[in-house]
Amino acid sequence: MKKNSENKDLRVTVNGTRTILFVVILCVTSAISTAFMFLNIKLWNMLLPGPLIYFVMVTFGFISSGILAFIVWIIYQQVFIKPLDKVRLAAKQVAAGDFSVRIPQHRKDGKKDEFQILFDDFNMMAQELASTEIMKTDFIANVSHELKTPISVIQNFSAMLQSEGLTDSERKEYAIKIHEATKRLSILVTDILQLSRLENQKIVVNKKSYNLSEQLCRCILGFEQVWENKNIELNSDLDENIELNSDENLLDIVWNNLISNALKFTSENGIVEVTAKRVDGYAVISVKDNGCGMTEHDIKHVFDKFYQADSSHATKGNGLGLALVKEIITLVQGDITVDSSPDKGSIFTVKIKLD
């Protein structure tokens, strides 16, 4: 009740301001009209006899000033009040949750004045809010889906473990499935929390000078079993002793995700290349594969949360890895780009200042 009362008082204030403004316009136009008539008092004396002159002048002054004030007010309403009312009403719709509202073109000649620029900025804001709302909805839906899958696996296999007459091999198989599902669930929750902390800037970058070349070698060797199982040829071309002043722990997440993705989307007997070079005061790191590649649509959304180019979910993952990579690279003030095309592989390139 208090909130409604406050809104009502605000509208009264706005209307009162407009009334005062009209009175001011009327007084100004009356003053101008009266001054004009007195400046031409000789002309009035020639046209009218003495007794009537002041009555006619006052009457004419009121009428002319009223008409002039009305014309000025109409022009003011059309030029200023009407556009502002459009913004006010549109803002009210956005506040109510309708992000589809857009303010139409203000001028018929296609040119842009201050109000049209305001409308364009408002429309851009509404569009960004709509995108954010869609992303939030998709995020909730994707989180629910990703959580539901391992939970269903745990429920199903834990129920099957309670069945009588199971062999030891069956019990072991079901236990392994439950372990894998809990591991997937743990990774998902960890990634969500990590991403949330990064987005809300709750993670402090702990910069220190360290050997980037050694870090990349360590990350590459961590996937040795993966590339050997798929018989992938993994080549590395790293400049020796690249000293980087950044957060080593955060960048571990970046390199592990990029290398993991390259190996994941590269077929058996494929090739993955990791390079690191010093270029004009920057460390430039590239992870290249000759896997399935991506379309332009995939490239556009590859860093979105939960986006997976493989819509069938045939490959393992929760779609948060590259979103984490993007947030970390932004946090350490670096840059990441991707170049890819279908059936020709992908190249992810990271550029970070050395100092």
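Values below: all heavy atoms of this structure, side chains included; hydrogens, waters and symmetry mates excluded. These numbers come from a predicted model, not from an experiment. Count residues from 1 along the sequence.
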Point to revise | Backbone of Val272 reached by a side-chain donor or acceptor of Asp289 within 3.5 Å | key: no
**Study point:** Glu248 (side chain) donor-acceptor with Tyr210 (main chain) under 3.5 angstrom
**Key:** no
Exercise for review: Could you tell me whether Lys230 atom NZ has more than 12 heavy atoms of other residues or ligands within 6.0 Å of it?
Suggested key: yes
**Study point:** Gln225 and Asn229 side chains, donor-acceptor separation under 3.5 Å
**Key:** yes
**Study point:** Approximate separation, where rounding is to 0.5 Å, of Ile271 CD1 and Glu233 CD
**Key:** 4.5 Å
Review point. When you measure from the side chain of Asn290 to the backbone N and O of Gly270, does any donor-acceptor pair fall under 3.5 Å?
Key: no
Review point. Which pair of non-hydrogen atoms, one from Ser267 and one from Ile232, has the smallest distance, and what is that distance?
Key: O-CG1, 3.9 Å
Practice item. Kindly check if the number of other-residue, nucleotide or ligand heavy atoms within 6.0 Å of CG (Asn269) is above 12? Key: yes
Point to revise | Donor-acceptor under 3.5 Å (Thr266 side chain, Leu263 main chain) | key: no
Practice item. Taking the side chain as every heavy atom from C-beta outward, state whether Ile220 and Trp227 have any atom pair closer than 4.5 Å. Key: yes
Check your understanding: So, for Ile253 and Asn257, which heavy atoms are closest and what is the spacing to 0.1 Å?
Key -> O-ND2, 2.8 Å
Check your understanding: Would the number of heavy atoms belonging to other residues, nucleotides or ligands and lying under 6.0 Å from CD of Gln333 be above 12?
Key -> no
Point to revise | Shortest non-hydrogen contact between Ser209 and Asn245, atoms and distance | key: N-OD1, 3.6 Å
Review point. Under 4.5 Å between any side-chain heavy atoms of Val325 and Asn261, yes or no?
Key: no
Review point. Heavy-atom distance under 4.5 Å between the side chains of Arg278 and Ile242, does that happen here?
Key: yes
Practice item. Decide yes or no on side chain to side chain contact (heavy atoms under 4.5 Å, CB included) for Lys351 and Val279, but give the supporting numbers first. Key: CA-CA 9 Å; Lys351 186 176 180 181; Val279 181; over 6 Å; no
Practice item. Determine yes or no for a side-chain-to-main-chain donor-acceptor pair under 3.5 angstrom, with Ser346 supplying the side chain and Ser340 the backbone. Key: no
Check your understanding: Salt-bridged, Arg88 to Asp85, with N to O below 4.0 Å?
Key -> yes
Exercise for review: Would you sort out whether Leu212 and Glu243 count as a side chain to side chain contact (heavy atoms under 4.5 Å, CB included), showing the intermediate values?
Suggested key: CA-CA 6 Å; Leu212 174 64; Glu243 289 295 322; over 6 Å; no
Review point. Okay, side chain of Thr330, backbone of Lys326: is any donor-acceptor separation there less than 3.5 Å?
Key: yes
Check your understanding: Would you say the side chain of Ile176 lies within less than 4.5 Å of the side chain of Lys172, judging by non-hydrogen atoms?
Key -> yes
Practice item. Step through the shown structure and confirm whether more than 12 heavy atoms of other residues, nucleotides or ligands are within 6.0 Å of NZ on Lys277. Key: yes
Review point. For the atom pair CG (Leu251) and CG (Asp247), what is the distance rounded to the nearest 0.5 Å?
Key: 6.5 Å
**Study point:** Asp120 side chain to Gln116 side chain, donor-acceptor N/O pair below 3.5 angstrom
**Key:** yes
Check your understanding: Would Phe223 and Leu238 show up in the same hydrophobic cluster when neighbours are defined by side-chain heavy atoms closer than 4.5 Å?
Key -> yes
Point to revise | Whether over 12 other heavy atoms sit under 6.0 Å from Met125 CE | key: yes
Check your understanding: So, do Trp255 and Val274 sit near enough that their side-chain heavy atoms are less than 4.5 Å apart?
Key -> no
**Study point:** Within one Ile-Leu-Val-Met-Phe-Trp-Tyr cluster: Val87 and Val94, side-chain cutoff 4.5 Å
**Key:** yes
Point to revise | Heavy-atom neighbours of Lys353 NZ exceed 12 at 6.0 Å | key: no
Review point. Hey, what do you get for OH (Tyr282) to CD1 (Ile352), rounding to the nearest 0.5 Å?
Key: 11.0 Å
**Study point:** Heavy-atom pair of closest approach, residues Thr337 and Asp335
**Key:** CG2-OD2, 3.7 Å
Point to revise | Side-chain heavy-atom pair Val338, Met294 within 4.5 angstrom cut-off | key: yes
Check your understanding: Do Leu216 and Ser236 have side-chain heavy atoms sitting under 4.5 Å apart?
Key -> no
Revision key, fill the gap. Here the gap from Glu180 atom CD to Thr182 atom OG1, rounded to the nearest 0.5 Å, amounts to 9.0 Å
Practice item. Would you name the heavy atoms of Leu322 and Val302 that are closest together and state the gap between them? Key: CD1-CG2, 3.3 Å
Exercise for review: Check the hydrophobic clustering (I, L, V, M, F, W, Y; side-chain heavy atoms under 4.5 Å; chains of links allowed) and say if Phe348 and Val284 are grouped together.
Suggested key: no
Point to revise | Which atom of Gln93 lies closest to which atom of Val101, heavy atoms considered | key: OE1-CG2, 3.5 Å
Practice item. Tell me yes or no: between the side chains of Thr295 and Asp298, is some donor less than 3.5 Å from an acceptor? Key: yes
Practice item. Might you confirm whether atom CD of Glu296 has over 12 heavy atoms from other residues, nucleotides or ligands at distances under 6.0 Å? Key: no
Practice item. Give the cluster check for Ile347 versus Val254: same hydrophobic cluster or not, with ILVMFWY residues linked at side-chain heavy-atom distances below 4.5 Å. Key: no
Exercise for review: Kindly work out whether a path of hydrophobic side-chain contacts (I/L/V/M/F/W/Y, heavy atoms less than 4.5 Å apart) joins Val205 to Ile336.
Suggested key: yes
Review point. Does the side chain of Val350 come within less than 4.5 Å of Leu258's, by heavy atoms?
Key: yes
Check your understanding: Rounded to the nearest 0.5 Å, what separation is found between the CD1 atom of Ile329 and the OG atom of Ser246?
Key -> 8.0 Å
Check your understanding: What is the distance from atom CD of Glu214 to atom CG of Asn241, rounded to the nearest 0.5 Å?
Key -> 6.5 Å
